[in-house]
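Encoded as structure tokens, the structure appears first; notes follow it.
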Amino acid sequence: MEYKFTDIEKKWQDQWKNDAVYKVSNDSARPKYYVLDMFPYPSGTGLHVGHPLGYIASDIYARFKRLKGFNVLHPMGYDAFGLPAEQYAIDHGIHPAVSTEQNIKNFRAQLDKIGFCFDWDRQVKTSDPHYYKWTQWIFLQLFHSWYNRQTQKAEPLTNLVEIFEKDGNKNQPIPNTQFQLPADEKKPLHADSSYFSADRWKAFDESTKQSILMEYRLAYCGYGEVNWCEGLGTVLANDEVINGVSERGGYPVVKKKLRQWYLRITEYADRLLEGLDRIDFSEAMKEMQTNWIGKSYGAEVNFKLDAGPVLKVYTTRPDTIFGVDFMVIAPEHELVEKITTAAQKNAVEEYIAYVKSRSERERMAEKKISGCFTGAYAINPFDEQKKIPVWISEYVLAGYGTGAIMAVPCGDERDFKFAKHFNIPITNIIGKYYNGEEANPTKDAILDNSGFLNGTVMRDAIGIVNKKIEELGIGERKVNYKMRDAAFSRQRYWGEPFPIVWKNGIAYSLNEKDLPLELPHVDSYKPGPEGEGPLANIPSWVAKELETNTMPGYAGSSWYFLRYMDPHNEKEFCSRKASDYWGQVDLYIGGTEHAVGHLLYSRMWTKALYDLGYIGHDEPYKKLVNQGMIQGSSRFVYRVINPLNNAQQIFISKKYFDKYSPNNVSDLLDLAKLLHEKITSFLFDDESFGLIKINPIHVDVNIVNGIELDVEAFRKWKPEYVNAYFLLEDGSISSPTGGGREGDYICGTEVEKMSKSKFNTVNPNDLVSRYGADTFRMYEMFLGPVEQSKPWDTKGIEGVHRFLKKLWRLFYDELKGKIWNDAKATDGELKILHKTIKKIEEDTERFSFNTAVSAFMIAVNEFNDIKCNKKEILQPLLILLTPYAPHICEELWHELGNSSTILDASFPKLEEKYLVESTKNYPVAINGKTRTELNIALDATQQQVEEMILGDDVVKKWLEGKSPKKIIYVKNKMINVVV
RNA sequence: ACCCGGGUGGCGGAACUGGUAGACGCGCAGGACUUAAAAUCCUGUUUCCCGAAACGGAAGUACGGGUUCAAUUCCCGUCCCGGGUACCA
């Protein structure tokens with residue numbers, strides 16, 4: 001009986017489906033465990049071997065937890081709204097719903113072959129109205145809520161109105177400090193522009209009230225910049241803009257302000273930081289989120305400008321205020337227009353036009369220093385003699401702080417370079433700490449040239465200056481966050497419609513009973529007028545004054561983990577009973593590319609839902625494991641392009657590509673001679689050989705075995721290659737007519753992103769049909785640590801497949817048939833088994849699946865060596881292995897006589913007694929270099945060890961008669977003799 | 001530019017908390033079985049030096065420094081590669 005993986009896998013997949021073994025109940029006496037994979041986007045290209053990596057890891061863990069007695073939720077679904085489907089619709093005229101459905105079918109078929117334990121009854125799709133009804137509903141909760149800074153949580157907006165009616169907003173300042181109330185007619189001179197009394201609130205008209213409330217809503221409307229492409233008449237994603245022009249068509253792209261929805265995530269900044277202490281994410285991940293939130297303590301300082309207005313800057317280093325040599329404000333700062341002098345007007349406008357064409361990323365990445373003087377000067381409040389020139393430059397972004405900085409070149413590298421570049425004189429306020437060659441950002445220097453701060457250590461000066469600034473009323477201490485509110489609208493079709501109607505410029509929500517607001521059918525995906533989305537082209541939609549923006553891709557994925565708990569609930573997004581039972585996602589697996597997007601948004605939504613009392617926990621993911629990317633391993637063939645005959649297809653093996661430099665004339669002549677000698681139809685003359693080119697061309701990795709090209713498959717790959725000649729590695733020729741061929745054609749290799757265009761994608765289906773799902777699953781894990789990125793190479797899969805065949809042969813012999821037996825296991829056999837139990841349990845628990853696979857190989861090799869075919873040993877081994885290779889284990893489990901599924905077996909219990917050792921082979925090092933090994937009892941004392949060491953011949957030889965200075969003996973580790 | 005991660009044989013990787021660098025697998029080389037092939041099994045495989053071999057010696061974890069009895073592991077600096085940088089998902 002041989003290992004027929006195709007039959008076995010088919011049989012058990014069908015059986016499992018019929019028996020609904022993966023159906024999960026919300027009602028169980030067992031403890032719960034929730035394993036989740038990051039929501040996949042069903043792309044048109046289908047799965048390649050990189051995608052299932054995380055799913056296999058989570059599947060193994062889910063199955064492992066089930067064996068350990070948990071009620072495990074392991075669901076799967078689709079993040080089905082998104083830009084690619086819409087782009088596909090624009091290009092091919094196929095409705096996104098249709099192509100998405102097709103893609104999902106394809107995905108599902110691929111997933112099913114791998115044998116995952118997903119409970120498909122719980123599948124969700126974000127583009128399904130049954131799902132996005134609740135996305136819209138949650139949006140409305142955010143729309144109807146505000147963040148109470150006193151209680152530090154989201155509350156219904158009705159609370160806020162009550163507060164306003166009682167106290168005005170004196171205790172609840174408007175989050176956006178730039179916001180200005182309409183002028184107060186009663187006390188126009190003294191009115192603070194952002195505070196109002198209860199009386200005044202009551203006197204506001206509806207429109208003013210609504211625009212003030214909008215300033216507090218967690219989901220609010222404002223204005224923001226988008227990538228506007230006049231040529232395409234549309235707004236582009238950052239991805240679609242390359243070097244300031246559109247990816248499609250190459251039209252210029254500029255920034256344009258459009259009305260946008262936002263989520264007030266900045267109000268949650270502190271709680272998002274605090275929450276990181278309570279969740280098990282990697283330090284790197286926490287650091288990335290912390291840096292993204294970017295909390296800093298500093299001061300806002302007002303500088304008077306000679307041109308009249310006041311310039312507000314944010315600085316984290318107020319101690320350096322005497323070192324301010326110039327100001328830099330963002331080119332889009334509202335003051336620029338007001339303060340620019342007539343003489344500088346042209347230069348400034350030109351510079352602003354340049355900056356408008358630049359993406360934020362380009363601006364930050366730019367090494368070349370650029371900027372423009374506005375002609376205006378600021379006055380240092382502590383040194384009124386000092387006139388500080390005001391510049392604009394792209395390196396200052398409008399969205400961060402106040403969009404203006406005070407530049408201190410002796411203490412800040414970027415400011416220093418700017419000053420040098422524009423010949424701005426540099427004031428040294430840190431004495432010998434500044435060498436004139438580079439800035440020194442120290443906080444430990446003693447201040448100099450700093451008026452009343454002279455002689456103070458910078459660190460201490462910060463507080464002194466802050467106090468002074470506040471006393472003088474020229475500024476205040478300020479906590480600042482780099483994070484900005486999340487833009488929450490897209491001028492696109494394929495997303496959730498907002499349940500919002502506009503009446504007289506005021507946004508009102510739809511009633512809950514009118515949800516879902518279904519996405520209407522459109523005939524064209526072209527943008528609407530003025531950069532609005534395609535929905536603006538539908539007369540009936542516009543007539544109802546419905547919002548024409550749609551929600552962004554992350555709307556549906558911000559809460560999907562909750563819907564899986566209660567996927568068919570028509571009354572609620574998720575019942576409190578279900579979310580209380582399942583609670584947090586215990587294990588979340590996905591890539592680091594979501595570090596600051598999805599993971600922050602879903603954390604915020606969870607906190608808001610928690611604040612409003614809809615769920616009982618405020619962090620969605622208890623533990624996060626980041627899976628690395630599987631990179632493609634590309635293969636290249638080298639085509640010789642003969643200028644005398646462009647159409648001729650001649651490929652040279654890697655050796656010759658390495659040997660002949662395409663830039664060296666004599667190399668090219670040698671190559672031409674060689675080719676002519678071997679292939680008579682290859683001709684050259686005195687002029688042409690110098691023009692020969694050698695082009696590396698991506699070749700489909702599926703027709704390359706390791707690095708050897710299947711030349712016949714290559715000729716069939718594309719019509720132009722039918723008559724290809726190959727100069728093989730051994731110098732022989734493979735010609736299209738056949739004959740004369742002996743050697744191999746060797747390809748070049750390179751590690752690149754896995755993508756269709758590089759012909760380096762490998763479809764899991766192909767591998768599953770060739771080796772089986774169990775082999776595929778184990779090989780994906782065997783490649784290396786889940787967290788690490790690594791290149792894919794199909795070649796090594798054979799080793800894992802051999803392992804499974806070897807396992808099979810412990811049960812069945814090809815000739816003798818059944819060989820497993822009921823004999824009693826020896827201590828030696830039990831030792832191997834329990835060593836393996838220990839290793840597998842530990843490795844699985846810490847997600848070290850690659851070493852677990854090795855441990856299985858070692859165990860099977862050892863049992864094979866000692867011819868152990870005993871059921872007593874093999875049965876627990878199968879249970880250990882079943883999370884990794886479920887099909888073969890289920891088959892053998894039943895062959896051993898079990899009738900219930902192995903999925904519900906219990907994980908073997910480790911018996912330490914089989915593993916106890918009394919001695920150890922200690923490595924003995926002399927001066928840190930291992931020289932010999934000694935077998936010593938584990939309970940040996942320092943003295944006993946020293947005696948043994950000094951009596952050893954090898955040690956004596958290395959001591960050369962000298963006596964050791966010290967003998968270091970670390971129990972159960974090693975011995976080091978210091979001479 | 002900024003933030004995060006990574007760099008170990010021909011290749012993927014192992015070494016979990018500073019303690020025998022290279023487990024396991026691929027590939028390669030040699031051998032057994034076979035008419036042959038496949039499958040399977042056995043042996044070897046970091047590099048260099050000495051040597052017939054056993055054995056022995058030296059170097060070695062991107063590069064340059066440092067801490068330590070001992071560094072792939074900790075610290076400082078440099079280079080290279082990957083992810084993210086707010087509308088790809």
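In what follows, every chain begins at residue 1, and chains take the letters A, B, ... in the order their sequences are listed.
- When the side chain to side chain donor-acceptor pair (under 3.5 Å) test is applied to E845(A), the partners found at least two apart in sequence or on another chain are Y61(A).
- Across all strands, E240(A) comes closer than 4.0 Å to no nucleic acid atom at all (heavy-atom distances).
- The 12-atom threshold is exceeded at NZ of K790(A), counting heavy atoms of other residues, nucleotides or ligands nearer than 6.0 Å.
- Among the atoms of the strands shown, none is found under 4.0 Å from any heavy atom of A595(A).
- In this structure, the side chains of K420(A) and I369(A) stay at 4.5 Å or more apart for every pair of heavy atoms.
- Projected onto RNA chain B by closest heavy-atom contact, I968(A) and N861(A) fall at different nucleotides, the more 5' of which corresponds to N861(A).
- Nucleic acid contact class of K966(A) (heavy atoms, under 4.0 Å, all strands): none.
- For residues 485-495 of chain A, every residue pair satisfying the side chain to side chain donor-acceptor pair (under 3.5 Å) rule, not counting sequence neighbours, is listed here: H95(A)-Y493(A), Y220(A)-D485(A), E240(A)-R492(A), Q260(A)-S489(A), Q260(A)-Q491(A), T266(A)-D485(A), Q491(A)-N549(A).
- Across A59(B) and C2(B), the matching C1' atoms stand 39 Å from one another, rounded to whole Å.
- If you walk RNA chain B from 5' to 3' and mark each nucleotide with an atom closer than 4.0 Å to a heavy atom of chain A, the marks span A1(B) to A89(B).
- Using a 4.0 Å heavy-atom distance criterion, E933(A) is classed as a base contact.
- Residue contacts shown for S489(A) include a base, since a base heavy atom lies under 4.0 Å away.
- Where Y779(A) and N927(A) meet RNA chain B, the nucleotide closest to each residue was compared, and Y779(A) sits on the side nearer the 5' end.
- Backbone-only engagement by M857(A) is indicated by non-hydrogen atom pairs under 4.0 Å involving sugar-phosphate atoms exclusively.
- If you check every strand for non-hydrogen atoms under 4.0 Å, D793(A) touches nothing.
- Under the ring-ring contact (aromatic ring centres under 6.0 Å, His included) criterion, F281(A) pairs with no residue, sequence neighbours left out.
- In the region residues 797-811 of chain A, proximity to RNA chain B at under 4.0 angstrom, judged on heavy atoms, holds for G799(A), R802(A), K805(A), K806(A), R809(A).
- Across all strands, K286(A) comes closer than 4.0 Å to no nucleic acid atom at all (heavy-atom distances).
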Scan the side chains in residues 963-979 of chain A for donor-acceptor partners under 3.5 Å anywhere in the protein, sequence neighbours excluded, and list what turns up.
{"residue": "Y969(A)", "atom": "OH", "partner": "A940(A)", "partner atom": "O", "Å": "3.0"}
{"residue": "N976(A)", "atom": "OD1", "partner": "G928(A)", "partner atom": "N", "Å": "3.0"}

Check: residues 588-595 of chain A side-chain donor-acceptor pairs under 3.5 Å, at least two apart:
{"residue": "Y588(A)", "atom": "OH", "partner": "Y560(A)", "partner atom": "OH", "Å": "2.6"}
{"residue": "Y588(A)", "atom": "OH", "partner": "H598(A)", "partner atom": "NE2", "Å": "2.7"}

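- The six-membered or imidazole ring of F856(A) lies near that of Y884(A), with a centre-to-centre distance under 6.0 Å.
- The salt bridge (charged side-chain N to carboxylate O under 4.0 Å, His left out) pairs that include a residue from residues 854-866 of chain A are K835(A)-E862(A), where partners are two or more places apart or lie in different chains.
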How does RNA chain B read in dot-bracket, base by base from 5' to 3', with Watson-Crick or G-U pairs under 3.5 Å and | used when the partner is on another strand? (((((((..(((......[....)))((((((.......))))))((((......))))..(((((..]....))))))))))))....
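- Across all strands, K839(A) comes closer than 4.0 Å to base atoms (heavy-atom distances).
- Within the 4.0 angstrom heavy-atom criterion, only backbone atoms of the sugar-phosphate kind lie near G82(A); the bases stay farther away.
- For Y771(A), the ring-ring contact (aromatic ring centres under 6.0 Å, His included) criterion is met by H801(A), not counting sequence neighbours.
- By the rule that a glycosidic angle within 90° of 0 means syn, G9(B) counts as syn.
- Counting any heavy atom pair closer than 4.0 Å across all strands shown, Q260(A) reaches a base atom.
- Heavy atoms of W792(A) sit nowhere under 4.0 angstrom from any nucleic acid atom.
- By the ring-ring contact (aromatic ring centres under 6.0 Å, His included) test, W261(A) pairs with F139(A), F143(A), F498(A), sequence neighbours left out.
- Listed by chain and residue number, nothing satisfies the salt bridge (charged side-chain N to carboxylate O under 4.0 Å, His left out) test with E2(A) (two or more places apart in sequence, or in another chain).
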